[in-house]
Chemist: 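To start, I am sharing the structure in question, which I have written as structure tokens.
Read the numbers this way: they start at 1 and go in the same order the structure lists the ligands and their atoms. Computed from a predicted structure; not experimentally measured.
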Amino acid sequence: QTTEQLVKGATDTSNVLNYGMGYNLQRFSTLNQVNKDTVKNLVPVWNYSFNDDRSEESQPLVYQGVIYVTSHNATMAVDAKTGKQIWKSKIEYPAETPRIVCCGIINRGAALYDGKVFRTTLDANVIALDAKNGKELWRQKAADIKEGYSMTVAPLVADGVVITGISGAEFGTRGFIDGWDPATGKHLWRTHSIPSPDEPGGDTWKGDTWKLGGGSTWITGSYDPELNTVYWGIGNPGPFNSAVRPGDNLYTCSVLAMDPKTGKIKWHYQFSPNNPFDYDSVAEMVLADMNVEGKPTKVLMDANRNGFFYVLDRTNGKLLAANPYVKVNWATGIDMKTGRPIETDVSKDAREGKKVTVYPSILGGKNWEPMSFNPQTGLAYANTLAFGGRYKTEPVTFKQGEWYLGMDLTDLWEWGDGPRGHLKAIDPMTGKSKWEAPSDIPRFSGVLSTAGGVVFSGALTGEFEAFDADTGKKLWQFQTGSGIEGQPVTWQQDGVQYIAVTSGYGGVYSLFSGDERLANVPPGGSLWVFAVKQ
Ligand SMILES: O=C(O)c1cc(C(=O)O)c2c(n1)C(=O)C(=O)c1cc(C(=O)O)[nH]c1-2
């Protein structure tokens, strides 16, 4: 496929070529065969089993009638029309790998380029497969699991370079982003998310703290080909106990604007300096062209885990708007001049070791599950979290390959009485919702929006759901048999609009919430494809 197709994103309706449905990660499609009127007639066309019982977060890719989808232990190619398996290529990793994975045995998807399928493995390898038959063409070890590194991220191919991130900030690692040659796997560059003392930003770490400073890069970046810039989010600093690491801790909880050919940092913006609350800033950096104060502006949008919705000028990193989209009590706002949060006593007390109740919780106002931006309504549709967390530091010592947190995990949640999550239609410039569809159990699935005026997402209890983009009214649902943490996509083939999503329960909420309402959700990974009944 070509860069041009990827740039077109929403308008190349016959393929789904990358994570995010276009380099801008808008997850928006101009297709409208499935619309507010017809969505009630949406029926499953086929279902394909992964023979797996883990959380299935993979975003399917579609190219010339073939779906490429991943699980933690396999890469699969399936005929998009019939659901017939074309090939399945198994992934092996050492049995001890799950021990250094913080939040679920998962993989978020592949990248396609030049006849190859690229993906990462849980034991921190990057591999290339032949798209025709699934044969492994090259494999590169990015990092060592013994040091606490793992990989769940879908690669990005930008300017002819395969770009990957890393997981492991909860295990005393030092994050990075890598560039690889798609043809040979040759390692082209590595940009650390934590600078060493002699690099710019190195002075934001004291002593040796930078060596264990975290800053994972576990969600795929966006790319602006015109500016030839990749935008990649950086995770939380390690350990959570911020008393151990005084300073701003660059580039944790930041976005980096980078040159894809060299990995060179063009600018950065830090959302949460010296963050105690695990507010990874990895979530999708969505690109759009918007009118800001009457001027057409190239923006980057981020529904940050810290509870603020940010709009930046992506040409230079200048802050244009930052407003809460969920309840926030660790800061009263963001200083528009300095770009820094105006922190409350909750942040101060947390740093001083006092027990606090913080909103949002350590899972954030929104976790990893990607939102959709619909340029026709101008709204971002996001699954948000409505609960707080209890936070208390404890002393911590580093042991290689073990959790490195410095936080008491025994009494984590402040659930409150209301719904624990919402699907919200958010105005990017104000953070305010046009509508909110509540959910007693929070949603951890990606969101898709379309020109048909429909928004798709899934529930942890298994329902795949469609909502009216203008009102939030639920229009349709279908029970997929296991919980949905997948990322819906759509494309058109031979005049039919298809919608696909993976089903398969697991992930961070199931691991840490203790939510008994989910105790009996059946496991079982599979791919569902839907179309309107003809
Ligand atoms: O810091 C990290 O390296 C890291 C990695 C991951 C991951 O790779 O899945 C998650 C998180 N952190 C995390 O904080 C988190 O809440 C989370 C949720 C999930 C998930 O897949 O449901 N992964 C991760």
Chemist: Ligand 1 versus E369, non-hydrogen atoms closer than 4.0 Å: side chain, backbone, both, neither?
Modeler: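 No part of E369 is near ligand 1 at this cut-off.
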Chemist: L363 versus ligand 1: do any nitrogen or oxygen atoms come within less than 3.5 Å of each other?
Modeler: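 It does not: no N or O of L363 is found under 3.5 Å from an N or O of ligand 1.
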Chemist: With heavy atoms only and a cut-off of under 4.0 Å, state how M151 meets ligand 1: side chain, backbone, both or neither.
Modeler: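 For M151, there is no contact with ligand 1 at all, from either part.
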Chemist: Answer with side chain, backbone, both or neither: which part of I166 has a heavy atom less than 4.0 angstrom from an atom of ligand 1?
Modeler: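 Within the 4.0 Å criterion, I166 makes no contact with ligand 1.
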Chemist: E170 heavy atoms, cut-off 4.0 Å: which ligand 1 atoms fall inside?
Modeler: 1 (O), 2 (C), 4 (C), 12 (N)
Chemist: Can you tell which part of V101 has a heavy atom less than 4.0 Å from ligand 1: side chain, backbone, both or neither?
Modeler: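 The answer is neither; V101 stays 4.0 Å or more away.
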Chemist: Are R174 and Y149 in a cation-pi setup, meaning NZ or CZ lies under 6.0 angstrom from the ring centre and within 45 degrees of the ring axis?
Modeler: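 No, R174 does not lie over the aromatic ring of Y149.
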Chemist: Just say parallel, tilted or perpendicular for the rings of H268 and Y251, cut-offs at 30° and 60°.
Modeler: perpendicular
Chemist: Hey, is C102 touching ligand 1 through its side chain, its backbone, both or neither, going by heavy atoms under 4.0 Å?
Modeler: side chain
Chemist: Specify side chain, backbone, both or neither for S216, according to which of its non-hydrogen atoms lie closer than 4.0 Å to ligand 1.
Modeler: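 Side chain only; the backbone of S216 stays clear of ligand 1.
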Chemist: Ligand 1 versus W368, non-hydrogen atoms closer than 4.0 Å: side chain, backbone, both, neither?
Modeler: side chain
Chemist: Classify the contact between V508 and ligand 1 as side chain, backbone, both or neither, using a heavy-atom distance cut-off of under 4.0 Å.
Modeler: both
Chemist: In terms of the angle between their ring planes, are F478 and F530 parallel, tilted or perpendicular, with boundaries placed at 30° and 60°?
Modeler: perpendicular
